[in-house]
Amino acid sequence: MSPTRNAAVLFNEIPNDFPVPGKTTKYDESSTIDLDNVSLGEDGVLVKTVALSIDPYLRSKMRAADIESYQPPYLLGKPLNSLGVGRVVRSQNPKFKAGERVYGLFEHQEYNIFDKDSFLQALPETPLSSATLVGAAGMPGGTAYIGYKEYAQAEKGKTIFISTGAGAVGSVVGQLAKLDGLKVIGSAGSDEKVEYMKSLGFDVAFNYKKTDTLEVLKKEGPIDIYWENVGGATLDAAIETLKKDGIIIVCGQITAYNGGDGYNYKNLWQIFARSIHIHGFLYFDLMPKWIEQFSKEFLPLIEKGIIKHKEEVVHGLDKVGDAILRVQKGENKAKSVVLVADDKDSH
Ligand SMILES: NC(=O)c1ccc[n+]([C@@H]2O[C@H](COP(=O)([O-])OP(=O)(O)OC[C@H]3O[C@@H](n4cnc5c(N)ncnc54)[C@H](OP(=O)(O)O)[C@@H]3O)[C@@H](O)[C@H]2O)c1
């Protein structure tokens with residue numbers, strides 16, 4: 001077979017603040033791959049990329065290679081990477097069969113060869129789309145489930161506030177809390193997202209760009225649990241309205257990812273004054289503990305439509321740069337996914 005195009009998205013330049021498509025990242029069609037003859041090495045698996053997850057944390061990987069952080073940096077001139085779903089084209093590894101869907105850490109190119117040390121998992125047969133498998137049924141939904149189960153101490157009658165409540169993680173946290181009988185308050189950055197939170201059953205949903213978060217929390221609180229996704233003034237307002245012994249689950253702080261918004265915290269001292277318990281966590285650290293329960297208890301809730309989800313899907317690897325920027329600017333309307341190939345395609 002003649003060589004097949006293997007387009008990629010390369011890390012081209014370290015951004016100062018927001019990543020610029022075409023400058024920070026570059027779509028490149030110069031590489032090819034011989035799908036029938038390329039050497040896979042011992043236990044290698046050739047996979048066609050189907051769906052790529054575009055997440056807020058990708059911005060933290062766009063840094064100089066010598067700066068330490070919780071995620072390895074992208075390397076200049078090399079493809080970006082993120083979690084994704086693909087279809088096995090050929091396999092030297094008995095754990096993976098040609099034609100089956102897999103979940104793993106994908107370089108942003110049309111085809112990838114995974115070696116035995118790569119993060120790659122076979123996916124069970126499921127009617128869920130590849131976009132959902134990188135969203136509510138993948139890392140973002142998993143982050144919501146494990147963080148909530150591990151730290152929330154949820155009980156009927158308690159009140160939880162979730163920032164970015166319409167997002168991939170927040171929308172799942174809110175639905176889990178509703179299933180447990182909590183009062184759920186969610187904030188988001190557009191009226192459309194507010195409507196979405198209401199459609200999921202949130203008791204209170206508001207647009208933080210139009211309504212003051214502190215005022216809402218004073219009226220609807222006090223709160224027992226704050227699910228933190230953004231930082232800044234929202235975190236300050238949540239601390240001010242948390243009960244004594246309240247819980248903050250720090251999942252992310254998106255206002256800090258693009259150089260920070262310079263917010264000057266006023267209420268951090270209340271953390272000791274009100275014995276507030278703060279738990280930061282990373283999905284990959286907690287997941288091994290919860291993976292079995294996640295698969296048994298949570299995935300069926302998605303398959304049965306009890307936990308609802310929404311994806312913002314764009315088609316084509318060349319759209320990765322724009323999708324990343326949309327997430328950083330808060331312009332994505334739902335879980336951001338780039339569909340690189342037809343979901344049913346093999347090769
Ligand atoms: N700890 C972990 O292992 C882990 C794993 C996954 C995700 N996370 C974190 O969880 C959070 C949510 O992730 P996600 O995947 O669900 O993202 P997402 O909600 O699908 O997308 C990001 C959202 O952040 C909001 N946003 C962007 N800029 C903002 C700003 N300056 N102020 C307030 N909100 C802003 C926007 O929503 P609005 O329109 O509502 O502002 C945007 O749509 C992020 O902080 C992410 O880093 C952590």
Side-chain angles (χ1 to χ4, degrees), residues 17-19 52-61 69-71 82-83 131-132 134-148 150-151 161-175 185-197 200 202 205-211 213 226-238 248-263 278-290 294 309-314 323-338:
D17 41 56
F18 286 99
L52 294 171
S53 178
I54 305 299
D55 303 287
Y57 80 91
L58 302 192
R59 175 63 182 84
S60 72
K61 293 164 80 69
S69 187
Y70 70 103
Q71 283 280 342
S82 68
L83 291 165
T132 302
V134 298
M139 184 277 285
T143 300
Y145 180 80
I146 62 181
Y148 179 81
E150 181 81 20
Y151 301 117
F161 168 49
I162 305 157
S163 53
T164 315
V169 175
S171 61
V172 172
V173 175
Q175 293 179 80
I185 307 171
S187 64
S190 74
D191 293 345
E192 199 181 333
K193 290 181 181 180
V194 168
E195 287 312 308
Y196 181 56
M197 289 188 286
L200 298 178
F202 284 35
F206 67 97
N207 180 342
Y208 67 87
K209 292 178 182 163
K210 289 184 172 172
T211 313
T213 301
Y226 170 46
W227 185 280
E228 156 75 324
N229 278 331
V230 298
T234 311
L235 172 59
D236 233 12
I248 303 180
I249 304 170
V250 185
C251 176
Q253 287 208 327
I254 199 162
T255 57
Y257 300 172
N258 293 282
D261 65 358
Y263 181 78
I278 303 184
H279 306 279
F281 75 100
L282 287 172
Y283 166 81
F284 277 108
D285 294 343
L286 270 189
M287 201 48 177
K289 177 175 167 188
W290 288 100
F294 172 79
H309 54 87
K310 222 164 67 168
E311 293 91 28
E312 176 179 283
V313 176
V314 292
I324 291 175
L325 183 59
R326 278 177 66 74
V327 169
Q328 294 303 323
K329 293 218 149 171
E331 289 166 1
N332 60 314
K333 293 189 172 149
K335 166 67 199 140
S336 176
V337 180
V338 173

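What you see below is based on every heavy atom in this structure, not just the backbone, and it leaves out hydrogens, waters and symmetry mates. Note that ligands are numbered from 1 as they come in the structure, with each ligand's atoms numbered from 1 the same way.
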What part of [X] sits under 4.0 Å from ligand 1 if we count only heavy atoms: the side chain, the backbone, both or neither?
X	result
K193	side chain
T143	side chain
M139	side chain
V169	both
F284	neither

Between ligand 1 and [X], is the shortest N or O to N or O distance under 3.5 Å?
X	result
L282	no
D55	no
N332	yes
Y257	yes
V327	no

What is the ring orientation for F161 with Y226, classed by angle as parallel under 30°, tilted 30 to 60°, or perpendicular over 60°? parallel

Atom indices of ligand 1 within 4.0 angstrom of [X] heavy atoms, with elements:
X	answer
V230	33 (C), 34 (N)
Q253	45 (O)
A188	40 (O)
G252	9 (C), 45 (O)
G167	16 (O), 19 (O)

May I ask you to identify the nearest protein heavy atom to [atom], giving residue, atom name and distance to one decimal place in Å?
atom	value
atom 23 (C) of ligand 1	T164 CG2, 3.6 Å
atom 11 (C) of ligand 1	N229 OD1, 3.3 Å
atom 48 (C) of ligand 1	C251 O, 2.9 Å
atom 36 (C) of ligand 1	G330 CA, 3.4 Å
atom 31 (N) of ligand 1	T255 CG2, 3.6 Å
atom 35 (C) of ligand 1	I254 CG2, 3.3 Å
atom 3 (O) of ligand 1	Y283 N, 2.7 Å
atom 41 (O) of ligand 1	Y208 OH, 2.5 Å

Does atom CD of Q71 have more than 12 heavy-atom neighbours from other groups under 6.0 Å away? yes

What distance do [X] atom [atom1] and [Y] atom [atom2] have between them, rounded to the nearest 0.5 Å?
X	Y	atom1	atom2	answer
L286	F294	CG	CZ	13.0 Å
I248	E228	CD1	CD	7.5 Å
S336	E331	OG	CD	11.5 Å
H279	C251	NE2	SG	13.5 Å
W290	Y283	CH2	OH	14.0 Å

Return the option from G170, G189, P56 holding the heavy atom at the smallest distance from atom 38 (P) of ligand 1. G189

Work out which heavy atom in [X] is nearest to a heavy atom in [Y]; give both atom names and the distance.
X	Y	result
H309	T132	CE1-OG1, 3.2 Å
P56	I254	CB-CD1, 3.7 Å
L325	P19	CD1-O, 3.3 Å
V134	P140	O-CD, 3.2 Å

May I have the step-by-step check of side chain to side chain contact (heavy atoms under 4.5 Å, CB included) for R326 and I324, ending in yes or no? CA-CA 6 Å; R326 278 177 66 74; I324 291 175; over 6 Å; no

Which residues pass the salt bridge (charged side-chain N to carboxylate O under 4.0 Å, His left out) test with K329, not counting sequence neighbours? none

Could a heavy atom of Q328 be found less than 4.0 Å from some atom of ligand 1? yes

Between S53 and K335, do the side chains contain a donor N or O and an acceptor N or O under 3.5 Å apart? yes

Note, K61 side chain near R59 side chain (heavy atom, < 4.5 Å): no

